[in-house]
Amino acid sequence: MLLFTPGPTPVPEKIRNSMSLPTIHHRTPEFEAIFSRTRELLFKLIGSDEIILLASTGTGAMESAVINLTSSRLLFVNAGKFGERFGKIAEAHKINFTELKYEWNSPTSVEDIIKEIDKDSSIDAVAIQISESSGGLRHPVEEIAKAIKQKNKNIMVIADAITAMGVEKIDISNIDAIIGGSQKAFMLPPGLAILGLSNSAIAKIGKGKGFYFNLYSEIKKQRTNTTAYTAATTLIIGLLAMLEEFDKIGFDEVYRRTALRSNAVISALSGIGLKIYPKTPSKAMTTIYHDKSPEIKKRLQKEFNVSVASGQDEMKDLMFRINNMGLIENNEIAWAINSIEVLLDRMGLRQFNGDANRIFTEIIMSLKS
Ligand SMILES: *Cc1c(COP(=O)(O)O)cnc(C)c1O
């Protein structure tokens with residue numbers, strides 16, 4: 001089965017093998033060396049002042065960022081399930097919040113965010129997805145972060161980059177917390193979260209809040225290449241193997257390939273008449289709006305061995321999402337694109353003429369720019 005869901009993504013053989021060695025103890029020079037090298041490569045990838053690894057899924061890092069960086073009021077953007085989650089976290093911790101809600105295909109704007117900040121001086125943290133995976137939507141986070149900092153540099157900017165980290169180059173100069181997760185572009189099993197922090201964030205964290213997700217305890221330990229609690233040793237070993245792979249290819253080259261692939265898939269699928277759902281698509285995935293999505297998803301799996309993701313909540317039956325993150329083989333994505341075109345023919349929706357494959361090939365092989 002070709003796993004084409006935008007998380008979890010497939011785990012390459014080399015990475016699986018790196019995680020098949022006997023478990024080592026986390027408080028040993030051997031593991032500390034692995035941890036140290038992993039941090040080094042993460043600093044190179046992300047560029048933040050500090051990096052924290054948490055044994056949790058991405059949501060754990062979202063929770064830790066919200067509780068440690070909000071003192072009076074959290075403003076968050078809800079243009080999908082993951083944005084909505086920031087509000088649920090605030091609610092669970094009885095943190096005051098303001099919600100900015102959008103259709104799942106529509107990005108927020110600098111103006112909307114600044115308007116809220118101007119209205120309410122108690123807002124001291126803003127949380128937003130760089131890529132909102134519910135609709136495959138890209139928010140203009142870098143511009144928003146810059147405008148926020150120009151207004152008030154004490155407002156903490158929390159960016160959920162779970163489907164953006166490792167996908168594209170992110171300008172973190174105005175971002176205080178940037179969140180990643182193992183099962184997306186890093187092509188690892190779920191269970192490890194990555195958190196990049198700015199020096200201003202570290203200052204605000206002080207002695208930290210919460211217990212397991214108290215970032216003060218983790219910062220102190222991880223600076224010495226160990227963790228406050230038992231490290232997710234196996235996943236960190238896998239992460240190191242993946243980062244070494246990215247580094248060998250070159251991070252910029254990984255971004256270039258991802259962008260090219262995203263362009264090729266979007267062009268191929270819109271070229272056969274399918275509707276791209278988000279107004280500003282994220283490079284992490286391609287989201288197609290289609291009222292026959294459940295049948296398409298089911299038959300892609302059954303007839304072509306291709307597993308794509310459905311929508312979520314009220315959009316569950318109206319879209320399907322195809323992963324574009326990580327080191328995806330062109331022949332595999334070509335198979336997925338071809339399968340979709342053949343399936344539309346089998347469903348009697350559009351006569352097959354090979355356009356999807358032609359468009360995909362022309363772009364991916366740079367026959368046309
Ligand atoms: C996958 C994802 C998450 C985190 O989900 P977990 O199940 O906790 O790993 C958060 N935000 C976005 C945008 C995601 O794609």
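Order of appearance sets the numbers: ligands from 1, and atoms from 1 within every ligand. Everything numeric here is computed off the predicted structure, so don't read it as measured data. We count residues from 1, following the sequence as given.
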With a 4.0 Å cut-off on N to O distance, would you call Arg358 and Glu362 a salt bridge? yes
Among all the protein's non-hydrogen atoms, which is closest to [atom], and how far away is it?
atom                    : value
atom 15 (O) of ligand 1 : Ser133 OG, 2.5 Å
atom 4 (C) of ligand 1  : Ile162 CD1, 3.7 Å
atom 11 (N) of ligand 1 : Asp160 OD2, 2.6 Å

Contact atoms of ligand 1, heavy-atom distance to [X] under 4.0 Å:
X      : result
Thr163 : 15 (O)
Gly58  : 6 (P), 8 (O), 9 (O)
Arg85  : 5 (O), 8 (O)
Ser131 : 13 (C)

Within the 3.5 Å criterion, strictly below it, is a donor on Asp112 or Ser109 matched to an acceptor on the partner's side chain? yes
Just by distance, no angles: are the side chains of Ser106 and Lys279 close enough, under 3.5 Å, to form a donor-acceptor pair? yes
Closest approach of Ala241 to Ser18 (non-hydrogen atoms, all atoms of both residues): CB-OG, 3.5 Å
Please report the closest heavy-atom contact between Ile158 and Ala125, naming both atoms and the distance. CD1-CB, 4.4 Å
Please step through side-chain contact (heavy atoms from CB on, under 4.5 Å) for the pair Ser64 and Glu218, ending with a clear verdict. CA-CA 11 Å; Ser64 74; Glu218 289 297 345; over 6 Å; no
Judged on heavy-atom distance to atom 7 (O) of ligand 1, which of Lys184, Glu132, Gln183 sits nearest? Gln183
